[in-house]
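Report on one structure; see the data block that follows.
Only this structure's heavy atoms are used, side chains among them; waters, hydrogens and symmetry mates stay out.
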Amino acid sequence: MADDELRHFVDSNARTAQAMLDAMAETRMEREELREGTQRVQAAIERLIILQEGVSNMLAALDEGRPTTLRRLNSIERKIDRLLEIQRNEEN
């Protein structure tokens, strides 16, 4: 091999090695960005779980502490039915 051929071969190998190192560094950076994104998603999911538990606890407390709107509406409906029944009985 002539010196020029050898130099060309060494340069070519050096460029190939540098391209491989650059690709590896880029892949490493992409993996790190993905890892950070995954960690942010996990943190968001944990916050959502805590929020959901809080909402569930609040709804449970509402059910225990005071009537819900549906129960109040049912109670009002029963009272109206009784008043209508009393009114019908008085008219007859």
Side-chain angles (χ1 to χ4, degrees):
M1 253 185 191
D3 284 345
D4 286 342
E5 289 175 330
L6 185 57
R7 191 172 296 124
H8 178 69
F9 181 71
V10 169
D11 287 344
S12 176
N13 282 347
R15 284 191 301 272
T16 301
Q18 186 61 48
M20 291 172 67
L21 288 172
D22 291 346
M24 289 171 60
E26 186 176 333
T27 301
R28 189 176 304 120
M29 286 175 36
E30 289 173 353
R31 277 196 317 261
E32 183 61 31
E33 289 173 0
L34 181 61
R35 186 177 302 117
E36 289 171 2
T38 301
Q39 289 171 345
R40 285 193 298 270
V41 168
Q42 287 174 340
I45 289 171
E46 290 171 3
R47 287 192 303 270
L48 284 172
I49 289 170
I50 290 169
L51 179 63
Q52 183 180 15
E53 289 172 352
V55 168
S56 295
N57 290 339
M58 183 181 71
L59 290 174
L62 283 174
D63 279 343
E64 292 173 5
R66 52 194 147 130
T68 62
T69 303
L70 181 60
R71 282 193 278 177
R72 285 185 179 185
L73 289 174
N74 286 336
S75 174
I76 291 169
E77 184 180 17
R78 284 191 302 271
K79 287 177 184 177
I80 290 173
D81 287 343
R82 276 187 265 145
L83 288 173
L84 289 173
E85 185 66 32
I86 289 171
Q87 185 180 16
R88 277 190 223 120
N89 288 338
E90 287 178 355
E91 289 176 356
N92 291 334

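Here Ile45 is tied into one hydrophobic group with Val41, Ile49, each link being a pair of ILVMFWY side chains closer than 4.5 Å. Cluster partners of Leu21, using a side-chain heavy-atom cutoff of under 4.5 Å among ILVMFWY residues and allowing indirect links: none. Through side-chain heavy atoms spaced under 4.5 Å, either directly or across other Ile, Leu, Val, Met, Phe, Trp or Tyr residues, Met24 is tied to no other residue.
Judged by distance alone, the side chains of Gln18 and Asp22 do bring a donor and an acceptor atom under 3.5 Å apart.
The structure places CG of Leu51 at 10.5 Å from CZ of Arg47, a figure rounded to the nearest 0.5 Å. Distance check, rounded to the nearest 0.5 Å: CZ of Arg35 to CZ of Arg28 gives 10.5 Å. Taken to the nearest 0.5 Å, the CG atom of Leu48 stands 8.5 Å off from the CD atom of Gln52. Once rounded to the nearest 0.5 Å, the distance linking CD of Glu36 with CD of Glu33 reads 7.0 Å.
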Report task. Output, in order, the C-alpha distance, side-chain angles, deciding distance and verdict of side chain to side chain contact (heavy atoms under 4.5 Å, CB included) for Ser12 and Arg15. Result -> CA-CA 5 Å; Ser12 176; Arg15 284 191 301 272; 4.0 Å; yes

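Within a 6.0 Å sphere centred on CD of Glu26, other residues, nucleotides and ligands contribute 12 heavy atoms or fewer. For Glu32, the CD atom counts as densely surrounded, since its 6.0 Å shell holds more than 12 non-hydrogen atoms of other residues, nucleotides or ligands.
For Leu84, the side-chain contact (heavy atoms from CB on, under 4.5 Å) test picks out Ile80, Gln87, Arg88, with sequence neighbours left out. Not counting sequence neighbours, the partners of Thr38 by the side-chain contact (heavy atoms from CB on, under 4.5 Å) test are Leu34, Gln42. Glu30 pairs by the salt bridge (charged side-chain N to carboxylate O under 4.0 Å, His left out) definition with nothing, not counting sequence neighbours.
The pair Arg78-Asp81 does not meet the salt-bridge criterion, since no charged nitrogen lies less than 4.0 angstrom from a carboxylate oxygen.
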